[in-house]
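Everything quoted here is computed from the prediction, not taken from an experiment. We're numbering straight along the sequence, starting at 1. Counting starts at 1 for both ligands and their atoms, following the listed order.
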Amino acid sequence: MTAIAPRITPDLNELNRPFWTGGAEGVLQITRCQACRRWIFPLSATCAECGEPTVYEATSGQGTVFTHTTNEYPYNPAVPVPYNISIVELADQEGLRFTTNVVGCPPEEVHIGMPVRVQFEPHGEVFVPVFIPVFIPVFIPDSSGGE
Ligand SMILES: [Zn+2]
């Protein structure tokens, strides 16, 4: 199991609680407009497009790397470097992006357009969404059969 680096976790409030605690159920939840159905991030109680109220809904948790960088500077000595910082665009809506970390592979293997899916780092009550690579299965012919 990979060690989990320390993080500065957010203060939970009525608006952000489902986003930061949904990971307990393995679900990335984001506010969504009930009138025009747009996902709204940064989180908001009202729609940035039409002004109607939002509620939390579960996203697919699937996305792609929009852009990325590798941090090599030890800003926090407790956090091992290098590590990835990415902006991931969720598959649920064009332009639905947020800043996160791609983990589960060396930082140099992260690339633009890489398919990723959410997983969560538990920090007490808060579950921080990070992303791991989705490896496309490669077909390997079975050579053990008859020939
Ligand atoms: Zn709306």
Side-chain angles (χ1 to χ4, degrees), residues 1-140:
M1 175 159 175
T2 309
I4 295 176
R7 287 188 188 264
I8 298 167
T9 55
D11 291 328
L12 298 180
N13 58 44
E14 192 180 336
L15 174 62
N16 71 17
R17 181 177 296 276
F19 176 80
W20 291 110
T21 61
E25 312 293 331
V27 178
L28 179 62
Q29 302 184 90
I30 289 181
T31 47
R32 190 173 195 187
C33 178
Q34 295 307 288
C36 73
R37 304 298 293 154
R38 281 192 67 79
W39 298 93
I40 306 296
F41 194 87
L43 305 169
S44 174
T46 56
C47 177
E49 295 290 319
C50 73
E52 293 296 316
T54 64
V55 299
Y56 272 90
E57 291 189 20
T59 68
S60 67
Q62 309 280 330
T64 53
V65 174
F66 177 75
T67 190
H68 65 94
T69 188
T70 299
N71 179 59
E72 298 183 352
Y73 186 81
Y75 292 102
N76 179 345
V79 179
V81 292
Y83 60 86
N84 167 271
I85 302 169
S86 284
I87 296 176
V88 164
E89 180 164 314
L90 292 178
D92 304 84
Q93 178 175 289
E94 188 177 348
L96 182 62
R97 300 175 189 146
F98 66 99
T99 305
T100 183
N101 306 111
V102 174
V103 301
C105 73
E108 64 271 19
E109 290 182 11
V110 177
H111 57 270
I112 291 171
M114 179 178 188
V116 290
R117 67 178 170 83
V118 74
Q119 72 169 22
F120 297 92
E121 284 184 6
H123 295 270
E125 194 181 3
V126 169
F127 287 73
V128 176
V130 296
F131 285 79
I132 59 170
V134 175
F135 294 105
I136 312 293
V138 176
F139 176 71
I140 300 169

Heavy-atom pair of closest approach, residues E57 and R37:
OE2-NH1, 2.8 Å
Where G61 and F131 come nearest, the two heavy atoms and their spacing:
O-CE2, 3.8 Å
Protein-side N, O or S atoms sitting under 2.8 Å from the Zn ion (ligand 1) are C33 SG, C36 SG, C47 SG, C50 SG
Please check if atom CG in N13 has more than 12 non-hydrogen atoms from other residues, nucleotides or ligands closer than 6.0 Å.
yes
Salt-bridge present (E52, R38; N to O < 4.0 Å):
no
When F127, F120, F41 are each screened for ring pair (Phe, Tyr, Trp, His ring centres under 6.0 Å) with F19, the one that passes is F41
At what distance, to the nearest 0.5 angstrom, does CG of L43 lie from OH of Y56?
4.0 Å
